[in-house]
Undergrad: 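Sharing a structure, written as structure tokens. Questions coming.
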Amino acid sequence: ISGKSQLLFALVFTTRYLDLFTSFISLYNTSMKLIYIACSYATVYLIYMKFKATYDGNHDTFRVEFLVVPVGGLSFLVNHDFSPLEILWTFSIYLESVAILPQLFMISKTGEAETITTHYLFFLGLYRALYLVNWIWRFYFEGFFDLIAVVAGVVQTILYCDFFYLYITKDSHLWLCKNPEGKNQKVSVQCILPYLFLLLCTKIFLHKET
């Protein structure tokens, strides 16, 4: 797992949910935002502190400043409203669309990934792709359309396309790679679908209340 990608995701949720200090929508909404932030930083802690000995920093070498600086500049130039919270929200949307690049770069350098890592990447990208379906639904039934969020979602989905192709076509919908013991292992994609469904439902309900 790329620690740099996880740091970027922690930054994404931190800047997106700063409205926790300015508005209250519901207990559920507040709780889920806090959970997202807490889980992001817990993951960073586990990678860089508790399990530091297993972290492959030699291959996690993507220059994240090449993402953060341009995204920061773009969020100042293209946003819905030139206010601090709105700029930070826009920054989080733009940054999330490219936050996975350090992880993809790390896999391209090593040439392999553990089974759980490939499933994590696939379903992370798939949940984002399903957001496009959600936006289409909301546009037709609620008249909602957010150009910034839609464009960012399309960009992120495009970044996953090559990985999606390899994942789906590899060995009849089974991913063949190495497990932590270094042995080749096949794992069915269908076994993780319930977790994807739960994640998608959580994000949809959270999105509706924001």
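No hydrogens, no waters, no symmetry mates; every other heavy atom, side chains included, goes into these values.
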Undergrad: Find the distance between CE (M32) and OG (S26) and round it off to the nearest 0.5 Å.
TA: 10.5 Å
Undergrad: Please determine whether residues V151 and W137 belong to a single hydrophobic cluster, defined as Ile, Leu, Val, Met, Phe, Trp and Tyr linked transitively by side-chain heavy-atom distances below 4.5 Å.
TA: yes
Undergrad: Is it true that atom CZ of F24 has more than 12 heavy atoms of other residues, nucleotides or ligands lying nearer than 6.0 Å?
TA: yes
Undergrad: Specify whether F9 and F13 have parallel, tilted or perpendicular ring planes, treating 30° as the upper limit for parallel and 60° as the lower limit for perpendicular.
TA: parallel
Undergrad: Do L67 and P102 come close enough that some side-chain heavy atom pair is under 4.5 Å?
TA: yes
Undergrad: Side chains of F91 and V12: does their closest heavy-atom pair fall under 4.5 Å?
TA: no
Undergrad: Is it possible for you to say whether L18 and I148 belong to one hydrophobic cluster, with membership spreading through side-chain heavy-atom contacts below 4.5 Å?
TA: no
Undergrad: Evaluate the side chain to side chain contact (heavy atoms under 4.5 Å, CB included) criterion for residues T30 and L20: first the C-alpha distance (whole Å), next the side-chain angles of each, then the deciding distance (0.1 Å), finally the verdict.
TA: CA-CA 7 Å; T30 299; L20 283 168; 3.7 Å; yes
Undergrad: Are the side chains of R16 and E96 in touch, meaning some heavy atoms are under 4.5 Å apart?
TA: yes
Undergrad: Between Y131 and Y140, is there a shared hydrophobic cluster once you connect ILVMFWY residues whose side-chain heavy atoms come closer than 4.5 Å?
TA: yes
Undergrad: At their closest point, which heavy atom of L101 faces which heavy atom of S5, and how far apart are they?
TA: N-OG, 4.4 Å
Undergrad: Cluster question for you: counting only ILVMFWY and a side-chain heavy-atom cut-off of under 4.5 Å, with indirect links fine, are L85 and L95 together?
TA: no
Undergrad: Taking only distance into account, with no hydrogens and no angle test, what donor-acceptor pairs under 3.5 Å do side-chain atoms of residues 38-47 form with protein atoms, sequence neighbours excluded?
TA:
residue	atom	partner	partner atom	Å
S40	OG	Y36	O	2.8
Y41	OH	T14	OG1	2.7
T43	OG1	C39	O	2.8

Undergrad: State yes or no: are the ring centers of F139 and W135 separated by less than 6.0 Å?
TA: no
Undergrad: Indicate every side-chain donor-acceptor pair of residues 68-81 with a distance under 3.5 Å to a residue at least two apart or in another chain.
TA:
residue	atom	partner	partner atom	Å
S75	OG	V71	O	3.4
S75	OG	G72	O	2.7
N79	OD1	D81	N	3.3
N79	ND2	S75	O	2.8
N79	ND2	F76	O	3.1
H80	NE2	D146	OD1	2.9
H80	NE2	D146	OD2	3.4
D81	OD2	S83	OG	3.2

Undergrad: Would you check if Y17 and L34 make a side-chain contact, meaning some heavy-atom pair closer than 4.5 Å?
TA: no
Undergrad: In the structure I gave you, are the side-chain heavy atoms of I1 and Q6 within less than 4.5 Å of one another anywhere?
TA: yes
Undergrad: Given the rule that I, L, V, M, F, W and Y join up when any side-chain heavy atoms are under 4.5 Å apart, are F105 and F66 in one cluster?
TA: no
Undergrad: Could you check whether any side-chain N or O of T22 sits under 3.5 Å from a backbone N or O of D19, counting only pairs where one atom can act as donor and the other as acceptor?
TA: yes
Undergrad: With rounding to the nearest 0.5 Å, note down the distance linking CD1 in I93 to CG in L88.
TA: 12.0 Å
Undergrad: How long is the span from the CG atom in L8 to the CD1 atom in I100, to the nearest 0.5 Å?
TA: 9.5 Å
Undergrad: Measuring from atom CD1 of I87 to atom OG1 of T15, what distance do you get when rounded to the nearest 0.5 angstrom?
TA: 12.0 Å
Undergrad: On a heavy-atom basis, which atom in L7 and which in Y48 lie closest, and how many Å separate them?
TA: CD1-OH, 3.6 Å
Undergrad: Of the non-hydrogen atoms in T61 and G57, which two are nearest, and what is the gap between them?
TA: CG2-O, 4.0 Å
Undergrad: Are D60 and D56 packed together at the side-chain level, in the sense that at least one heavy-atom pair is separated by less than 4.5 angstrom?
TA: no
